[in-house]
Protein chains: 2
Amino acid sequence: MMKTITINECAEHLLKADNILILMHKSPDGDAVGCAYALAHALRKAGKKAMPACSDDIPKKYGYITNSLEIQDFEPEYIVTVDLADTPLFGDKLIQYKDKVDLCIDHHGSNTGFAKYGYIDADAGACAQIVKKIIDCMGIEIDKNIANPIFTGISTDTGCFKYSNASVESYRMAADMLECGAEGFFINNLMFDTKSRQRLEMERLALESMKFYNDGQIAVIFITRDIMERSGAEDGDTEGISGIPRQVEDVKIGITFREKEKDNFKISMRSSGEIDVSALCKKLGGGGHKAAAGCSMTGDINEIEKTIVSLAGTAL
Amino acid sequence: MMKTITINECAEHLLKADNILILMHKSPDGDAVGCAYALAHALRKAGKKAMPACSDDIPKKYGYITNSLEIQDFEPEYIVTVDLADTPLFGDKLIQYKDKVDLCIDHHGSNTGFAKYGYIDADAGACAQIVKKIIDCMGIEIDKNIANPIFTGISTDTGCFKYSNASVESYRMAADMLECGAEGFFINNLMFDTKSRQRLEMERLALESMKFYNDGQIAVIFITRDIMERSGAEDGDTEGISGIPRQVEDVKIGITFREKEKDNFKISMRSSGEIDVSALCKKLGGGGHKAAAGCSMTGDINEIEKTIVSLAGTAL
């Protein structure tokens, strides 16, 4: 049973610890990377050994963050998780730590409480906003090495301030980070305004596949293995692709069928927030948030499409 | 010769005036609409008659702003321009006022100084940031009717905080506006996350037309009249389309050829800021900013493409 503590207590616990390993979830995103590296930098400024860890490789585009921290080797004495909601997300390399977490810092309301102590704030747009407050409580001055990853966490988790979780605090903290040296233009440009040729070709083929149902209230696209091969795109190129069908004017539910293996599909549903797509996905063994959820299905694509579209139709 | 005054003096001048007409530039964008409506609401809260005016219709998507203000009829006694840099931008209906402007509020360094008094701050990411400060100086409390248009101006002129002009002030003022009631999620969603079917089809056809030159450092797309017809897109659907070729990884100059009439092309050039594309466009009688410029050319599209790509190649 995890004991909930305050931000101040998180700071106190961290200041008492040393040789701190900071765990991110597998398939790390900008918020996970941002939290782990910002906290590692801050703890080192407090004279401690600290190192981020992840079961997967950190995507190259975060190089401006990962390259800012020298590797430290040590025997971990204190384990922290950031932006990590549940033990399956530890991944193969880090699963050994699942019962050894001293402190869990997270913004997922669904956090399963696997740590000794934890601070969960589901109202924080990004987990980086919590980490920033803990760093402040530790009395550590925020420099560019800390500001860049915090800014990255806030900006990526709010979709460059486009999602409903972008709060007054998100904007204000982003401004604070710019004042501390964060390269906001460079980061937002890299994260949101740069696409590989393969990604653009994949988008073109996905748009070609777009179909509409229920008077244009449902839009679906397909990312088949054929599309992946023809475009030359890799898994890393698909980030945010599920947002495309929902962007269409008047569409209430956007659905993306992604063929992971032959006849095995990952289905992503997006709504603008009115319709609870996680309730729909739960019926098929999936889950997620109200406006963004998913599930998996195996079988003939035409049959799967029929099932999903008819299910989505019941929610309109 | 325009006399430059301070923000405080702008507020004083406005508080002394009445029956105030606020002029926007033709083809109004979110910043122009935002400035004019925010200022009109504020002046009415100060007990004055005030009304925005534009030579063109205001695009429907700004309805949440325009619908918030009742129409007032009066004989204009005091003329203000917002976000308006030069007299050709007054447009047909408002050109009658070009020598009668009492106060010019702008953030274009290129402002030609057509008014009696003016306040120009080229460092303001959006002109709405200046208008917000003037409203503060007038001592008028910002409510939702003012906060929504100010937020819209900041968000749209900074490309949802993606462009280099998004400053500490832009983020902080956006946060302030949210606290005053601005519907940030609704606005950003409408402005940046909603596309017509025609727009998406136009994007797909534009992506199909994409070509690369100079080892992928130059990317070009074509929006021909044929593409406009096949997609069913209208002029209003093309906003931001010129940004697409520059988004491609490793591309230094992105070029969009848009066929306005048969064999008459508007050419838009975008760079990530390193290369000065306005210098290139000036050689062909055009102009613009360092990272975003344009020019017009008439003739055979293949010849024009050769000329432009070869010119762009000289800047690499």
Side-chain angles (χ1 to χ4, degrees), chain A residues 61 151 154-155 158-180 182 184-210 212 216 219 221 243-251 272-273, chain B residues 61 151 154-155 158-180 182 184-210 212 216 219 221 243-251 272-273:
Chain A
K61 65 176 173 179
F151 186 96
I154 297 172
S155 171
T158 61
C160 206
F161 306 91
K162 270 206 313 276
Y163 302 156
S164 56
N165 62 352
S167 65
V168 170
E169 183 180 273
S170 311
Y171 282 93
R172 201 154 274 158
M173 219 177 256
D176 293 344
M177 292 305 96
L178 292 177
E179 281 186 324
C180 293
F185 171 58
F186 164 78
I187 293 168
N188 285 345
N189 199 273
L190 184 65
M191 295 295 148
F192 299 101
D193 229 1
T194 307
K195 294 177 180 179
S196 69
R197 283 197 205 189
Q198 293 77 12
R199 161 68 183 235
L200 278 173
E201 179 62 4
M202 184 185 64
E203 278 189 23
R204 186 182 75 77
L205 294 169
L207 286 175
E208 214 168 64
S209 79
M210 189 177 276
F212 294 94
I221 59 169
I244 290 180
R246 215 274 303 139
Q247 283 186 343
V248 185
E249 208 169 10
D250 301 326
V251 166
S272 51
Chain B
K61 65 176 173 180
F151 186 95
I154 296 172
S155 171
T158 62
C160 205
F161 306 91
K162 270 207 312 276
Y163 302 155
S164 55
N165 62 351
S167 65
V168 170
E169 183 181 272
S170 310
Y171 283 93
R172 201 154 275 158
M173 219 177 255
D176 294 343
M177 293 305 95
L178 292 177
E179 282 187 322
C180 293
F185 170 57
F186 164 77
I187 293 168
N188 285 344
N189 199 272
L190 183 65
M191 295 295 146
F192 298 102
D193 229 1
T194 308
K195 294 176 180 180
S196 69
R197 283 197 206 187
Q198 293 77 11
R199 161 68 182 233
L200 278 173
E201 179 62 5
M202 185 185 63
E203 277 189 23
R204 186 182 76 76
L205 294 168
L207 287 175
E208 215 169 63
S209 79
M210 190 177 275
F212 294 94
I221 59 169
I244 290 179
R246 215 275 303 140
Q247 283 187 343
V248 184
E249 208 168 9
D250 301 325
V251 166
S272 50

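Proteins come first, then strands; the chains are lettered A, B, ... in the order of their sequence lines, and each starts at number 1. Below, each value reflects all heavy atoms present in this structure, side chains not excepted, and no hydrogens, waters or symmetry copies.
For B:F212, the side chain to side chain contact (heavy atoms under 4.5 Å, CB included) test picks out A:R197, B:M210, B:A219, B:V248, B:V251, with sequence neighbours left out. Take A:R172 and apply the salt bridge (Lys or Arg N to Asp or Glu O under 4.0 Å) test, not counting sequence neighbours, and it matches B:D176, B:E179.
When heavy atoms are compared at a cutoff of 4.5 Å, A:S170 does not approach chain B at all. Neither the backbone nor the side chain of A:T158 comes within less than 4.5 Å of any heavy atom in chain B.
Interface remark: of the candidates B:S167, B:G243, B:S164, B:S164 forms the most heavy-atom pairs closer than 4.5 Å to chain A. For the set B:R199, B:R204, B:R246, the count of heavy-atom pairs under 4.5 angstrom toward chain A peaks at B:R204. Between chain B and the options A:N188, A:L207, A:V168, A:D193, heavy-atom pairs under 4.5 Å are most frequent for A:D193. Ranked by heavy-atom pairs under 4.5 Å with chain B, the list A:Q247, A:M191, A:E169 is led by A:Q247. Interface summary for chain B: among A:I187, A:L205, A:L178, A:L190, the most heavy-atom pairs under 4.5 angstrom belong to A:L178. Of the listed residues (B:S196, B:A166, B:S155), the greatest number of heavy-atom pairs within a distance under 4.5 Å of chain A belongs to B:S196.
Dense packing is recorded around CZ of A:F192, with more than 12 heavy atoms of other residues, nucleotides or ligands lying under 6.0 Å away.
The aromatic rings of B:Y171 and A:Y171 lie tilted to each other, with the angle between the two planes from 30° to 60°.
Of the inter-residue distances, the one linking A:T194 atom OG1 with A:N189 atom CG reads 5.0 Å to the nearest 0.5 angstrom.
The shortest non-hydrogen separation linking B:F161 to B:A174 is CZ-CB, 3.7 Å.
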